[in-house]
Asker: 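Submitted below is the structure of interest, expressed as structure tokens.
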Amino acid sequence: MKSSVGQFRFWAIGLASVWLTLFVFFPNLLVILTSFLTRDPQATVSLPINAASYVRTLDLLYLTVLWDSLRMSLLAMVFCLVIGYPFAMAIVSLPKRWQPVILFLVILPFWTNSLVRTYAIQFILGNQGIINKSLIGLGLIDKPLQLLYTQFAVILGLCYILLPFMVLPLYSALEKLDVRLHHAAKDLGAGPLSRFWHITVPLTSPGIVAGCLMVLLPAMGMFYISDLLGGAKNLLLGNVIKTQFLHTRDWPFGSAFSVILIVLLGFMLWLYFRAARFVSKQGGLNGSDF
Amino acid sequence: MAPIFRWGFMGLVLTLIYIPILVLVVNSFNASKYGIKWGGFTFKWYEKFWNNDGLMGAALNSLTVSIVAASVATIIGTLAAVALHRYQFKGKALLSSMVFVSMLTPEIVMAISLLIVFMALGIKLGFVSLVIGHITFCLPFVIVAVYSRLKGFDMKMLEAARDLGASESSIFWKIILPLALPAVAAGWLLSFTLSLDDVIVSAFVTGPGYEILPLKVYSMVRVGVSPEVNAISTILLVVSLVLVVISQLLLREDK
């Protein structure tokens, strides 16, 4: 009997451990390693180990792309936050029965094909799309507006695809908020705006950071959104990485860009844990419940 | 916020979320080729898709990859969730942090890291590499779904079973699995949809000989309008929507 306990336990722990080590842990190490190798036309990569790929990311051309990509992704993140925060607040203020329904409606699209939904946006923004057709039909404009293949279109597409990722962590942070803190502050004479800034925002900061992380990082990689909505000029970091890996076949260079993303992920996780620690210390009346 | 404003805002955001989907679905039945005007109701784009051997082949490949990937991910993920919930072992913190990291890693980073590891291990790009890649990004979702269901259980029952002499595997088959089944099924359905819809990881780890539907759609929409895409898109959307609704109902049931 002892051996059967051991055997089940062995497989239950072992399978996932081996899988994740082999296909998550080990590959991530390899990306970092590859970024320090040298490109080789025959063997893809070879020695010597050096930091040349990182130096090349500082090239003005790539810095511009990097900055453009970061700016579009950051703007998408900010817009998601600006829409997602009041949205999550509105959900929390609903009766308990309705909350999961609305939440479900927001998250549902996440599970559907995001490429297809990006294509739908392309369809709507095009010169012959609904927006331009209606504006012309209403006589507001004579010529179609150039909506597609602009930075605006890319940012819109990113927001559209990634909004659920912002709403979900914000909702769970807001839901945990102790209403008694608000009542206490109100009794002490704090206005609604002051209560929002001094109670709601600080205590939901882990949710804010988590939401930003879950929008910003994927946003930088979604090459098909910039491909379909941004045209050849408005590139995301994902496009650069994809080109380096699948076309130019400069793996060390592509890996160096990915390491930038990994570093960004690490930084935001650090920020998240700091915020979470702050909240668990300052969590207010029922701090132990967190 | 005043209730009217609150509902108005939520209504507006939800409408904006669903309009593009609706436009796409309606246009898949539009007889006019460029979808500029309503040219009458038609099924012809669906027929074109049905009769296009290349597209149907890609669809079949996609189904195969998704079914295999979802099934393997569900088996490994369920076992892992049980292990994380039930056992204390060396490296438990490492295992759960790997689950956490794999959920947060941007897909593009996962895609290239898998491509590099396939090259390093000499795994040929094609069916096998696609399946491995898809299992990898589905796995954390299954683990989280099953784990959160297990957390709601009364563990005393399992201790009682063990005291009465039940072996660990019969505790799993006779008690844990039946109780966790809704979450296991939901995990499978979610994995299947994730796999069926994936573009980023697939774009990197597929080989030239193995075409799957989302990548076919990607190359079609890049070159321009082809109305079959609307039909394929609608099918993909409807399949995901139905499966996700079922999976959420399974997860909700008797909390």
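The model shown is predicted, which means the values in this text are computed figures rather than measured ones. Below, chains carry the letters A, B, ... as their sequence lines are ordered, and counting in each starts from 1.
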Asker: Answer yes or no: is there a side-chain heavy-atom contact under 4.5 Å between Val217(B) and Tyr119(A)?
Answerer: no
Asker: Between Phe273(A) and Phe100(B), what is the ring plane arrangement, given parallel below 30°, perpendicular above 60°, and tilted in between?
Answerer: tilted
Asker: Do Tyr224(A) and Arg222(B) come close enough that some side-chain heavy atom pair is under 4.5 Å?
Answerer: no
Asker: With only heavy atoms counted, which part of Leu94(B) is less than 4.5 Å from chain A, the side chain, the backbone, both or neither?
Answerer: neither
Asker: Going through the checks in order, is the side chain to side chain contact (heavy atoms under 4.5 Å, CB included) test met by Trp7(B) and Ile102(A)?
Answerer: CA-CA 11 Å; Trp7(B) 280 106; Ile102(A) 304 288; 4.2 Å; yes
Asker: Heavy atoms only: give me the nearest Pro20(B)-Ile124(A) pair and the separation to one decimal.
Answerer: CA-CD1, 3.6 Å
Asker: Please state whether the side chain, the backbone, both or neither of Ile107(A) comes within less than 4.5 Å of a heavy atom of chain B.
Answerer: neither
Asker: Grab the two heavy atoms, one from Met98(B) and one from Ser17(A), that are nearest each other, plus how far apart they are.
Answerer: CE-O, 4.1 Å
Asker: Counting heavy atoms not belonging to Ile4(B), are there more than 12 under 6.0 Å from its CD1?
Answerer: no
Asker: Are any of the side-chain heavy atoms of Phe87(A) and Leu12(B) separated by less than 4.5 Å?
Answerer: no
Asker: Please give me the minimum heavy-atom distance between Ser258(A) and Val109(B), naming the atom from each residue.
Answerer: O-CG2, 4.1 Å
Asker: Examine whether an atom of Phe23(A) lies under 4.5 Å from a heavy atom of chain B, and if so say whether it belongs to the side chain, the backbone or both; otherwise answer neither.
Answerer: both
Asker: Examine whether an atom of Leu15(A) lies under 4.5 Å from a heavy atom of chain B, and if so say whether it belongs to the side chain, the backbone or both; otherwise answer neither.
Answerer: both
Asker: Measure Val245(B) against the heavy atoms of chain A and call it side chain, backbone, both or neither at under 4.5 Å.
Answerer: both
Asker: Under a 4.5 Å heavy-atom cutoff, which of Ile135(B), Ile21(B), Leu121(B), Asp198(B) has the most pairs with chain A?
Answerer: Ile135(B)
Asker: Looking only at heavy atoms and a cut-off of under 4.5 Å, which of Ala83(B), Ala81(B), Ser233(B), Ala80(B) has the most pairs with chain A?
Answerer: Ser233(B)
Asker: Hey, what do you get for CD (Gln7(A)) to CD (Glu168(B)), rounding to the nearest 0.5 Å?
Answerer: 12.0 Å
Asker: Give, for atom CG of Leu241(B) and atom CG of Leu108(A), the distance between the pair rounded to the nearest 0.5 Å.
Answerer: 5.0 Å
Asker: Under a 4.5 Å cutoff for heavy-atom pairs, which residue among Phe104(A), Trp11(A), Tyr160(A) has the most contacts with chain B?
Answerer: Tyr160(A)
Asker: Who among Asn230(B), Val244(B), Ile112(B) has the most heavy-atom pairs with chain A under 4.5 Å?
Answerer: Ile112(B)
Asker: Looking only at heavy atoms, which two atoms of Leu114(B) and Pro27(A) are closest? And how far apart?
Answerer: N-CB, 4.4 Å
Asker: Side-chain contact, heavy-atom cut-off 4.5 Å: Thr118(A) with Val221(B)?
Answerer: no
Asker: Taking Leu105(A)'s backbone N and O only, do any of them form a donor-acceptor pair with Tyr18(B)'s side chain (distance below 3.5 Å, no angle check)?
Answerer: yes
Asker: Please report the interatomic distance CG(Leu243(B)) to CH2(Trp111(A)), rounded to the nearest 0.5 Å.
Answerer: 11.5 Å
Asker: If you count heavy-atom pairs within less than 4.5 Å of chain A, which of Ile171(B), Leu95(B), Leu196(B) leads?
Answerer: Leu95(B)
Asker: Can you confirm whether Phe110(A) is buried at CZ, in the sense that more than 12 heavy atoms of other residues, nucleotides or ligands lie under 6.0 Å from that atom?
Answerer: yes
Asker: Does any heavy atom of chain B fall under 4.5 Å from the side chain of Trp19(A), the backbone, both, or neither of them?
Answerer: side chain
Asker: For a quick test of reading the model, state the closest non-hydrogen atom pair linking Phe223(A) to Ile108(B) and the distance between them.
Answerer: CD2-CD1, 3.8 Å
Asker: Using non-hydrogen atoms and a 4.5 Å limit, figure out which bit of Val99(B) sits close to chain A: side chain, backbone, both or neither.
Answerer: both
Asker: What part of Leu139(B) gets closer than 4.5 Å to chain A, counting heavy atoms only: side chain, backbone, both or neither?
Answerer: side chain
Asker: Does any heavy atom of chain B fall under 4.5 Å from the side chain of Leu246(A), the backbone, both, or neither of them?
Answerer: side chain
Asker: Can you classify the ring geometry of Phe172(B) versus Phe8(A) as parallel (below 30°), tilted (30 to 60°) or perpendicular (above 60°)?
Answerer: tilted
Asker: Return yes when atom NZ of Lys174(B) has more than 12 non-hydrogen atoms of other residues, nucleotides or ligands closer than 6.0 Å, and no otherwise.
Answerer: no
Asker: Only pairs of heavy atoms separated by less than 4.5 Å count here; which of Leu33(A), Asp227(A), Ile91(A), Leu213(A) has the most with chain B?
Answerer: Asp227(A)
Asker: I'd like to know which of Leu236(B), Ile75(B), Thr193(B), Ile200(B) tops the heavy-atom pair count under 4.5 Å against chain A.
Answerer: Ile200(B)
Asker: Identify which part of Ile83(A) has an atom lying under 4.5 Å from any heavy atom of chain B, answering side chain, backbone, both or neither.
Answerer: both
Asker: Looking at Thr105(B), Ile232(B), Val101(B), Val229(B), which makes the most heavy-atom pairs under 4.5 Å with chain A?
Answerer: Val229(B)
Asker: Are there more than 12 heavy atoms of other residues, nucleotides or ligands under 6.0 Å from atom CZ of Phe89(B)?
Answerer: yes
Asker: Under 4.5 Å heavy-atom distance to chain A, tell me which part of Phe141(B) shows up: side chain, backbone, both or neither.
Answerer: side chain
Asker: Can you tell me how far apart OH (Tyr272(A)) and CG (Leu104(B)) are? Round to the nearest 0.5 Å.
Answerer: 9.5 Å
Asker: Measuring from Met103(B):CE to Met214(A):CE, what's the distance to the nearest 0.5 Å?
Answerer: 7.5 Å
Asker: Examine whether an atom of Leu269(A) lies under 4.5 Å from a heavy atom of chain B, and if so say whether it belongs to the side chain, the backbone or both; otherwise answer neither.
Answerer: side chain
Asker: If I compare all heavy atoms of Leu30(A) with all of Ala120(B), which pair ends up nearest, and what's the gap?
Answerer: CD1-CB, 4.0 Å
Asker: Only pairs of heavy atoms separated by less than 4.5 Å count here; which of Leu217(A), Asn28(A), Leu20(A), Val24(A) has the most with chain B?
Answerer: Leu20(A)
Asker: Any chance you could measure Leu115(A), atom CG, to Ser202(B), atom OG, to the nearest 0.5 Å?
Answerer: 11.0 Å
Asker: Just wondering, do Arg6(B) and Ser93(A) contact through their side chains at under 4.5 Å, heavy atoms?
Answerer: yes
Asker: What residue in Thr21(A), Ile32(A), Leu29(A), Leu237(A) has the most heavy-atom pairs under 4.5 Å with chain B?
Answerer: Thr21(A)
Asker: Show your reasoning for whether side chain to side chain contact (heavy atoms under 4.5 Å, CB included) applies to Val13(B) and Leu163(A).
Answerer: CA-CA 10 Å; Val13(B) 172; Leu163(A) 185 65; 3.9 Å; yes
